[in-house]
Amino acid sequence: FQLLFARFADEFRFVTWDYRGLFSSGRPVRGYDSLRVDDHAKDALAVIDAVTSAGDGARDGARAVHALGWSMGVQVLLEATKLRSNGTSPFASIVLHNGVPGRPWASVAHGALRRIADRALAASQKADGFVAAAVRTVASSSRFVPAAVRLGLVHHGVDRAVFDDVARSFADVDMHVYLEILRRLGEHDGYDALPRIACPALVVHGTADWMAPLSVAQRMARDMPNASLAVLPGGTHYASAEMPALFHDELAKFWRGVGALA
């Protein structure tokens, strides 16, 4: 989301964090049992509470939280809504981008991975050193992005510098933890949270995302009481870096409509 941050830097204060066990976050002290989606959602609520309740010395705490989740972040934000026990929404608005509410392996490739995904991930964990080495080799190759484009995994309009940065960031990921997070992600079901999203919501979805089909995005927009759907023609799972101008225009229109932008 580097391009997003640059586009809206004057309008928003962006706050993000690394999931447990990934990038700059260390392995959770309670082990793999604290890598479920609801654990990541609790982290989201903790971050939200921190930035809304206290200033940072230079500015007051945030007055409203306009949340945006991509991919796994869609499930995390939906779970955060379910966990807010006092019945109040943690968000002034919510954007769900190229993700599914739950049971992701039932959606990928029309459910083709549903029966084998967990076994495949568990087997990969046993060879996590080999997987990590393979990821580093592929991610650092100058041929990676052109090959991904040819295979239809990425749109030809992708900002290659940004996508290269994303790919290279996986070189230092703890692959065993990452695979475990994917296993826990596959167990999660947040479809029942959709009717509870009372705040204004926008589902932004690429039409060529094989990991999260458009039909699921349409269902999300239909099941939330105050939601709309914006379609990015030809966009894959990485549509925000493939067609940033269109993506940002849809966000600006939505945020302007909910009063987040002048």
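Throughout, residue positions are numbered sequentially from 1 according to the sequence presented.
Listed here is the closest heavy atom pair of Leu78 and Ala193: O-CB, 3.6 Å. The nearest pair of heavy atoms linking Trp105 to Leu182 is CZ2-O, 3.6 Å. Annotation for Ile94 and Cys199: closest pair CG2-SG, 3.8 Å, computed over non-hydrogen atoms. The two residues Leu77 and Val95 have their closest heavy-atom pair at CD1-O, 4.3 Å. When all heavy atoms of Ser24 and Asp18 are compared, the pair lying nearest together is N-OD2, 3.1 Å.
At a cut-off of 3.5 Å, with distance as the only test, no side-chain donor of His155 or Thr236 sits close to an acceptor on the other residue.
Inter-residue side-chain proximity for Leu246 and His248 is flagged as unmet; no heavy-atom pair is nearer than 4.5 Å. Within the 4.5 Å cutoff, no side-chain heavy atoms of Leu185 are placed close to those of Arg36. Using a 4.5 Å heavy-atom cutoff, the side chains of Arg20 and Val177 are not in contact. A heavy-atom distance below 4.5 Å is not found between the side chains of Ser240 and Leu3. Between Pro101 and Met220 the shortest side-chain heavy-atom distance falls below 4.5 Å. The side-chain heavy atoms of Met72 and Tyr19, taken from C-beta on, include a pair separated by under 4.5 Å.
The aromatic rings of Phe5 and Phe1 are tilted relative to each other, their planes meeting at an angle between 30° and 60°. Phe144 and Phe163 have parallel rings, their planes meeting at less than 30° on a 0 to 90° scale where 60° marks the start of perpendicular.
By the neighbour-count criterion of 12 heavy atoms within 6.0 Å, atom CZ of Phe130 is sparsely surrounded, having that number or fewer from other residues, nucleotides or ligands.
Listed for the Asp189 side chain is a donor-acceptor partner under 3.5 Å among the backbone atoms of Tyr191. Formation of a donor-acceptor pair under 3.5 Å by the Ser93 side chain with backbone atoms of Pro200 is not found in this model. A side-chain donor-acceptor contact under 3.5 Å links Ser34 to the backbone of Gly31.
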Residues 252-262 side chain polar contacts: donor-acceptor under 3.5 Å, at least two apart:
none

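Two rings, from Tyr32 and His176, have their centers less than 6.0 Å apart. Checked against the 6.0 Å centroid criterion, the rings of His237 and Trp210 do not qualify as a close aromatic pair. Ring pair Phe170/Tyr178: centre-to-centre distance below 6.0 Å.
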request  = Run the numbers on Tyr238 and Asp209 for side chain to side chain contact (heavy atoms under 4.5 Å, CB included), then give the verdict.
outcome  = CA-CA 8 Å; Tyr238 306 95; Asp209 185 356; over 6 Å; no

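With respect to the salt-bridge test (charged N to carboxylate O, under 4.0 angstrom), the residues Asp164 and Arg160 do not qualify. Contact check on Arg184 versus Asp39 returns no salt bridge, with no Lys/Arg side-chain nitrogen under 4.0 Å from an Asp/Glu carboxylate oxygen.
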